[in-house]
Peer 1: 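One structure follows; several queries about it will come next.
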Amino acid sequence: IHLDLLWDALLRGKVVIPTAGITNIALNTARSSPGRVLPKDSVEGSARSEMIQQARELLLKRTPLGDLAKFIDNFDPKKQLADIKGELKALKKIQALTGELDTKQAEWEKTLGSLPAGEDFAQAQSTISGLKASKNPMEIKKQIDVVQGTVSGLQKKLEALEKGSRSLTEDVNRFAKETGSIDDVVREDIRDAEGKLQIPSLEPKDMAKDMFGPEVLAKTQEAEKYASMARDYMPPKSEKKEAPKPAPRATGRVYEFGRPNGYPVFWMKRAEISSKLDESAEAGELSGELRNVASNQVQTGLPTELELQGAFPRAEVSGLRLKAVFDHRTDKPVDSIVATVGSFPVSGRDLSRGGDVTFGFGKAVGSAEIEGALSGGEMLLRAQTAFRQVKFEVKARSAMLDSALKDVARELTTVTVKATAKGTADDLDISVESNLADAIARGLARQLQTRLAEARAKIKAMIDEQVMGPKRELVGRVDAAKAQVLGQVTARKKQAEAAKATADKKIAELKKSLTPDVKKKGVGALKKKLKF
């Protein structure tokens, strides 16, 4: 590593490097000194890195092919779910609804008691029916007054019944509907039980994520770590702070005063990066530039850029191209990378980490294209990898799984992987697709579909055995309470309608018994008084 320093910047206490060189880069070389390992917090950096690390550890615990082997040979839901009864959400819901039903029945009976009863309407009907037609206009007037008073009271009772029965009916129907949701909770219990038993998924995307997800997460974690470091050393406009000190000294503080055409505390304008094949056994043909590394990009007005291209033939790495941009000139920093590797060797890569299955690449030749960006806190990483001339290592305790995986290994000489990671570090969504996962799913589907169906049927039967009895008892009680409450409401409404019909009929009889003179004088007033 060599560099030139600008003398007038040194006089101002600034480090400005017009040109620098990072040359003779080599792979797989021994360190000349042991170096110093930084504390974990300094390496991991931020909470974002910790979240990604937790997600990676979670993926590493999953062993899809090992789970398949256990599922094929040793699966017995009754043994593994012996204590499932105490954990069923459906049973807890049934118990809660049973307790609530006792309270609700008391409330419904109280509401029914406050509503007009059948006796009220029967009495009104009897009063109206008992009136006899008369030819005496004065007597008719008295009868009309009686009907009018009875109808007025009947109307108020009808309104009270209508209002009270509406809310009562809604509450009864709501509770009955709540019992219907027990089936949804049963399905949730079944899913939980399957997850607890780790029934393996034959969904290709799930299998691809299990096999290649840890590698995708590792790339995401590495990209996020370097972007985080870049933002620490080249803070965005809104986060401008003291420039990092290269090493502690006795006392003092670094002050940075921005000025048009001035220098930031540190600015390396250009660094040449190279490696020549004849310089060492581990060197290669590499060239590139690192431009405008500055502690204050707002002051320089330039983003940091890195470009590399080349190959390391002795390490069998070729077609290497890299372009990275770190733009921290605004409140929303943007870091991006585009990288390709035309060819690199692969050996000893495990895709399954279970003791019952050994499955992976013994040897292969890989190529990769990676494109990623971190804009503010949003991350997007896309990667496409291909493995050619694949020599698989396959060994499974289950004869059926061993045969299926060996069939896949014979048929598949090229493996492709497409991966996407997007979102924030706290909520990162990873999607992986691979023709290897598709081939395994196809190879195992026929043999395992029947086994999976049997397993799921056993789990459902076990849960139904625990739930269906209490559910039937609860539903029976709810149906009986509903029939009793709504039956009374319906009966009272029918009695009210009968009383109303009797009143209508009696009014018609009274009107008919009036003489023409009385009709002429009194019918108009009678129509105004009556509400029907």
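Here the structure is a predicted model, which means the values were calculated and not measured. Numbers here simply count residues along the sequence, with the first being 1.
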Peer 1: Would you compute the distance between atom CZ of Phe361 and atom CD of Glu393 and round it to the nearest 0.5 angstrom?
Peer 2: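 Reported value, rounded in 0.5 Å steps: 11.0 Å.
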Peer 1: Which atoms form the tightest heavy-atom contact between Ser367 and Phe344, and what is the distance?
Peer 2: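 Heavy-atom minimum between the residues: N-CE2, 3.5 Å.
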Peer 1: Do you know which of Leu380, Leu381, Val338 makes side chain to side chain contact (heavy atoms under 4.5 Å, CB included) with Glu371?
Peer 2: Val338
Peer 1: For residues Leu306 and Lys323, determine if any side-chain heavy atom of one lies less than 4.5 Å from a side-chain heavy atom of the other.
Peer 2: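 Of all side-chain heavy-atom pairs linking Lys323 with Leu306, none is under 4.5 Å.
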Peer 1: Hey, can you pull the donor-acceptor pairs under 3.5 Å for the side chains in residues 405-424, sequence neighbours left out?
Peer 2:
{"from": "Lys406", "atom 1": "NZ", "to": "Asp402", "atom 2": "OD2", "distance (Å)": "3.1"}
{"from": "Asp407", "atom 1": "OD1", "to": "Arg410", "atom 2": "NH2", "distance (Å)": "2.3"}
{"from": "Thr416", "atom 1": "OG1", "to": "Asn435", "atom 2": "OD1", "distance (Å)": "3.4"}
{"from": "Thr424", "atom 1": "OG1", "to": "Asp427", "atom 2": "N", "distance (Å)": "3.1"}

Peer 1: Hey, could you give me the CD1/OG distance between Ile22 and Ser274, rounded to the nearest 0.5 Å?
Peer 2: 9.5 Å
Peer 1: May I ask you to decide if Leu6's main-chain N or O and Asp4's side chain share a donor-acceptor pair within less than 3.5 Å?
Peer 2: no
Peer 1: Under a 4.5 Å cut-off applied to non-hydrogen side-chain atoms, are Leu88 and Val186 in contact?
Peer 2: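 No; the side chains remain at least 4.5 Å from each other.
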Peer 1: Got Val467 and Leu91 here, is their nearest side-chain heavy-atom distance under 4.5 Å?
Peer 2: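 Counting from C-beta outward, Val467 and Leu91 do come under 4.5 Å.
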Peer 1: Let's go through Val341 and Val317 carefully: what are the C-alpha distance in whole Å and the side-chain angles of both, what is the deciding distance for side-chain contact (heavy atoms from CB on, under 4.5 Å) to 0.1 Å, and is it a yes or a no?
Peer 2: CA-CA 8 Å; Val341 184; Val317 177; 4.2 Å; yes
Peer 1: Do Thr23 and Ile273 make a side-chain contact, defined as non-hydrogen atoms from C-beta onward lying under 4.5 Å apart?
Peer 2: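 No, every pair of side-chain atoms sits at 4.5 Å or beyond.
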Peer 1: Taking the side chain from His328 and the backbone from Pro333, do they hold a donor-acceptor pair closer than 3.5 Å?
Peer 2: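 Not confirmed, His328 side chain does not pair with Pro333 backbone.
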Peer 1: Just so I know, are the side chains of Leu436 and Phe392 near enough to count as touching, which here means a heavy-atom distance under 4.5 Å?
Peer 2: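 The answer is yes; the side chains approach within 4.5 Å.
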Peer 1: Set out, in order, the CA-CA distance, both residues' side-chain angles and the distance that settles side-chain contact (heavy atoms from CB on, under 4.5 Å) for Ser181 and Lys93, then state yes or no.
Peer 2: CA-CA 10 Å; Ser181 67; Lys93 185 175 182 67; 3.1 Å; yes
Peer 1: Would a distance-only check, ignoring hydrogens and angles, find a side-chain to backbone donor-acceptor pair under 3.5 Å from Lys395 to Thr358?
Peer 2: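 Here the side-chain-to-backbone pair does not exist.
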Peer 1: Decide yes or no on side-chain contact (heavy atoms from CB on, under 4.5 Å) for Phe359 and Asp350, but give the supporting numbers first.
Peer 2: CA-CA 6 Å; Phe359 185 71; Asp350 291 333; over 6 Å; no
Peer 1: Is the backbone of Gln297 close enough, under 3.5 Å, to the side chain of Arg329 for a donor and an acceptor to pair up by distance?
Peer 2: no
Peer 1: Might you work through the side-chain contact (heavy atoms from CB on, under 4.5 Å) test for Phe326 and Ser336, ending with a clear yes or no?
Peer 2: CA-CA 7 Å; Phe326 304 91; Ser336 63; over 6 Å; no
Peer 1: Using only atom types and a distance under 3.5 Å, with no angle test, would you say the side chain of Glu178 pairs donor to acceptor with the backbone of Leu97?
Peer 2: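 No, the answer is negative, given that no donor and acceptor are paired below the 3.5 Å cut-off.
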Peer 1: Would you say Glu289 and Glu272 make side-chain contact, with heavy atoms under 4.5 Å?
Peer 2: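 The answer is no, as the side chains (C-beta and beyond) never meet within the 4.5 Å cut-off.
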Peer 1: Please check this pair: side chain of Ser318 against backbone of Gly342, looking for a donor-acceptor N/O pair closer than 3.5 Å.
Peer 2: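 Not confirmed, Ser318 side chain does not pair with Gly342 backbone.
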Peer 1: Quick one: does Phe266's side chain get under 4.5 Å of Val16's, heavy atoms only?
Peer 2: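 No, side chains not in contact.
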Peer 1: Using a 3.5 Å distance criterion without hydrogens, assess whether the side chain of Glu100 forms a donor-acceptor pair with backbone atoms of Phe175.
Peer 2: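 Checked: no pair found.
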Peer 1: Is any side-chain heavy atom of Met268 less than 4.5 Å from a side-chain heavy atom of Leu3?
Peer 2: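 Contact flag for Met268/Leu3 side chains = no.
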Peer 1: Between atom OG1 of Thr340 and atom CG of Leu322, what is the distance when rounded to the nearest 0.5 Å?
Peer 2: 8.5 Å
Peer 1: Once rounded to the nearest 0.5 Å, what's the spacing between atom CE of Met234 and atom OG1 of Thr300?
Peer 2: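 Going from CE on Met234 over to OG1 on Thr300, the span is 10.0 Å.
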Peer 1: Show the numbers, then the answer: is there a salt bridge (Lys or Arg N to Asp or Glu O under 4.0 Å) between Arg321 and Glu307?
Peer 2: CA-CA 8 Å; Arg321 299 184 67 85; Glu307 289 190 44; over 6 Å; no
Peer 1: Give a yes or no on this: more than 12 heavy atoms of other residues, nucleotides or ligands lie within 6.0 Å of atom CZ of Arg270.
Peer 2: yes
Peer 1: Take atom CZ of Arg382 as the centre, draw a 6.0 Å sphere, and report whether it contains more than 12 heavy atoms from other residues, nucleotides or ligands.
Peer 2: no
Peer 1: Is it the case that the side chain of Thr98 and the backbone of Ile94 share a donor-acceptor pair, with hydrogens and angles ignored and the cut-off at 3.5 Å?
Peer 2: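 Pair found, side chain donor or acceptor close to backbone of Ile94.
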Peer 1: Strictly by modelled atom types, are Asn292 and Thr304 linked by a side-chain donor-acceptor pair under 3.5 Å?
Peer 2: no
Peer 1: Minimum heavy-atom separation for Pro313 to Gly284, with atom names?
Peer 2: CD-CA, 4.2 Å
Peer 1: Using a 6.0 Å cut-off, check whether atom CD1 of Ile1 has over 12 heavy atoms from anything other than its own residue.
Peer 2: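 Check fails, neighbour count at 12 or below.
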Peer 1: Between the side chains of Glu316 and Ser343, does any donor sit under 3.5 Å from an acceptor?
Peer 2: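 Note: Glu316 and Ser343 side chains miss the donor-acceptor criterion.
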Peer 1: Is there a donor-acceptor contact under 3.5 Å from the side chain of Lys363 to the main chain of Val390?
Peer 2: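 No, the answer is negative, given that no donor and acceptor are paired below the 3.5 Å cut-off.
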Peer 1: Can you tell me how far apart OG (Ser295) and CH2 (Trp267) are? Round to the nearest 0.5 Å.
Peer 2: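 So the gap between those two atoms works out to 10.5 Å.
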Peer 1: Minimum heavy-atom separation for Phe387 to Gly366, with atom names?
Peer 2: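 For Phe387 versus Gly366, the nearest heavy atoms are CD2-CA, 4.2 Å.
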Peer 1: I need the Gln466 CD to Ile463 CD1 distance, nearest 0.5 Å.
Peer 2: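 If I round to the nearest 0.5 Å, the distance is 9.0 Å.
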Peer 1: Testing Asp189, Asp192, Asp184 one by one against Lys89 for a side-chain hydrogen bond (donor to acceptor under 3.5 Å, both in side chains), which residue passes?
Peer 2: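 Answer to the side-chain hydrogen bond (donor to acceptor under 3.5 Å, both in side chains) test with Lys89 among Asp189, Asp192, Asp184: Asp192.
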Peer 1: I'd like to know if Asp8 pairs up with Arg12 as an ion pair, taking the criterion as any Lys NZ or Arg NE/NH1/NH2 lying under 4.0 Å from an Asp or Glu carboxylate oxygen.
Peer 2: yes
